[in-house]
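Working notes, structure below.
No hydrogens, no waters, no symmetry mates; every other heavy atom, side chains included, goes into these values.
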Amino acid sequence: MQTIKYLGLIALLFGTLSACKDAKTPSQDTEQTITILQTADIHGQLFPHDELFWEDEQITFRKLGGLAHVKTLFEEERSKNPEGTLILDGGDLIQGSAYAALSEGKAFAPIVQEMGYDFLIPGNWEVVYGKQTMMDVLTQYDTPVISANMYHEANGESLFPQYFIKELKGVKLGFISYNDPEIPVRQNPSFSKGIHFDPIEENLEALITELKDNQHVDVLFLVTHIGISKQYDLANNPALERVDYVLGNDTHERIRKPLQAKFTKVTEPGAFASFVGKLTLTVKDGKVVDEAYDLLEVDPSTYAADEKVAQIIETATAPYQEEANEVLGYTSVPLYRYFVVENPMDNFITDAARWKTGVDVSISNGFRFSTPISVEEGGKSPITKADLWSMLPVNEKVKIGKASGKQIKDWLEKELHNVFAQNPTERFGGWLVRFSGMELTFYANKPKGERVASIKIGGEPIQDNKLYTMSACRREGEPLPTLCRMPNTVETEVMDYTIHDVIEEYLKEKGTIAPSLDGRAKALDLGPNVLSQLPGTDYQFH
C-alpha cells in the first residue's frame, strides 16, 4: 500500500499550502470565520423533486432540490464569507437517477465542474458502473477527489489522494476521507472488481499524525461515507481526540444539531441535493473557539436556478429526456421509502415481482435512495421511467430459487442483525430487507439470533423443512445459489427479464396502483414510524 511519506507530495499536487507551525500569520492572532458547506448522497437527482418530512406525527411533502438551485445557494453563502468558504460533497453522486444510469455517470462531469466544489469523495455507489468508468468520470470533474482506503488491487497504489489540505484566511484545514470498506459485499461484487478497500483503522492514526504533526493542520476533519451508526461509533474512538469534526455521509440523515460523541462531533446533511449542511467555525490561534451548524433547505422558491448550471444540465440530460419522461402508470397514494421497517414503494416493487414470478416470496434490498412521489388528495400522480430508475437504479435480471423455512428464518435473523445490531460496527447497508408474500414480526432490541418472533408465508406459519419458492434481483458476481445475501438456495435460475421489465408490465396491467402499509413487517418493540435508529442519542429524522 502507498506509504505515508508520499502523502504530503500528493496533497501539494492539489494546491496544498504548507507553512511552518511556528511562523504565525497576522490573521492567526485574530478570530477568523470559516464556512464549510457540504452536500451528500445526491444520487443523480438534478432537478427539484418531492421531499418527505415527518412533522407533527404525520407525513408532509415539499418541493426541494435541483443542482442549479444548489449552485445559487453556494454562491449566496460564499458571498457572505468570500475568502473563508470551502465546499465539499460526500459521495453517491453519480448513481440513483435515470440521467445517471443512462449516461453511466458521464452527464455529471460538466455539471460538477461548474458547481464550485473544493473537493469530493467517492461513496459506496460510485463503483456502480465499474472501476474504469468511475475513474474516468471522477477524473473529468477537474476537482480533487480523495479517499484514504481505496487502492488498485493490482499494484496496491491509492486510487486517489488520501487527504486534502487548504488554507483559508490563515487557517489550515485538513480533510481525510474514508469510503465504506464493505462495498464489495454491499454492492454487486462485480462493481468494485479491481479495487481493494482497507479497514479505516489501517491508517487512521498514521494519517491523523501526518496532518497534525507534519502538515501542521489547525482544524482536522474526517469525511466518511460509512453511515451514521458507524460514524458516531468512530467519533467515540480515542484516535479521534485531535479530530474536530466527522463530516458524515451515506445514511441520508438530516442532522440539524451535530451529534456530540466522546471525542468529536458528527454531522450528516440529508440527501438528493435537497439540503446543504453549513458549519460555521470561529478560529483563533489555530483553535476552534466557537461554532454553529445549520441544515439549509434547497427551496427553489428561495434560491432561483443558476442560469449557467441550468443550461449545462439541460444539455447534459437532453439525450435522455424523452425516455426518462415516458409515463408507465399512475399511483393514487404517495410512494416513499424513508421508514426503516416498511414502505409503500417497496411493497409495490415486491408485489409486482411476486405477481410476475408466481413465487411464494419476493424479496428486495432495503434501499434508502429514491425521491418520493407525492399525490394530492383524491388525485393521482404519474410514474415515469425516471421514477423507475430512481427506485431501482440497477436494472438486474430476476433470479428465482427455493429455500427451506429454516434457511429463511436464519437469513432473516442475519438481516435483522444487520439493521439493529447494538454494536454499530456490525450494522450493514440499509434498512430492513423488503418482501412480499411473507409476514414477519420481530424484536429489534433482542440479542443476535433471537429477534424473529413469527414468520408466515402465504398466511401459514413457516415450516422448517418445507421448500419455498423465492425471487430476488440477480447481483452480478455473486454465486448463482445466492438470493439477496441468502446462500445455498436450490433450483436457482436467472430469468430472461429484468426487474424494470417486471415493473413496466405490472403498471401496464394495473394502470393505477395504490400500495398500502399492510404490516407485512412489524417490530414488536419499536413505534410504528421509525425513520432512523441511532441508540445513545436523541437524534430524530424529520
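- A salt bridge between Arg434 and Asp346 is present, with a side-chain N of the basic residue lying under 4.0 Å from a carboxylate O of the acidic one.
- A salt bridge links Arg186 to Asp250: one of the charged nitrogens lies within less than 4.0 Å of a carboxylate oxygen.
- His252 has its ring centre no less than 6.0 Å from the ring centre of Phe369.
- Arg337 forms no cation-pi arrangement with Phe348, by the criterion of a distance under 6.0 Å to the ring centre and an angle within 45° of the ring axis.
- In this pair, Trp54 and Phe339 present their aromatic rings perpendicular. The plane angle is above 60°, beyond the 30 to 60° band.
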Show the numbers, then the answer: is there a ring-ring contact (aromatic ring centres under 6.0 Å, His included) between Tyr117 and Phe74? CA-CA 9 Å; Tyr117 286 107; Phe74 283 173; 5.5 Å; yes
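- Partners of Lys385 by side chain to side chain contact (heavy atoms under 4.5 Å, CB included), not counting sequence neighbours, listed by chain and number: Glu323, Glu326, Leu328, Glu504.
- Using a 4.0 Å cut-off between a side-chain N of Lys or Arg and a carboxylate O of Asp or Glu, Arg520 and Asp351 qualify as a salt bridge.
- Ring geometry, Phe191 versus Trp125: the interplanar angle falls from 30° to 60°, so the pair is classed tilted.
- Between Glu75 and Arg78 there is a salt bridge, with a side-chain nitrogen of the basic residue lying less than 4.0 Å from a carboxylate oxygen of the acidic one.
- Between Phe119 and Phe175, the ring planes are tilted. Angles from 30° to 60° get that label.
- Aromatic ring pairs are classed by plane angle as parallel below 30°, tilted from 30° to 60° and perpendicular above 60°; the pair Phe272 and Tyr338 is perpendicular.
- The side-chain contact (heavy atoms from CB on, under 4.5 Å) test with Ser274 is passed by exactly one of His49, Glu297, Lys63: His49.
- Judged by the 6.0 Å distance and 45° axis criteria, Arg368 is positioned over the aromatic ring of Trp431.
- Checked against a 6.0 Å centroid threshold, the rings of Tyr99 and Phe47 count as neighbours.
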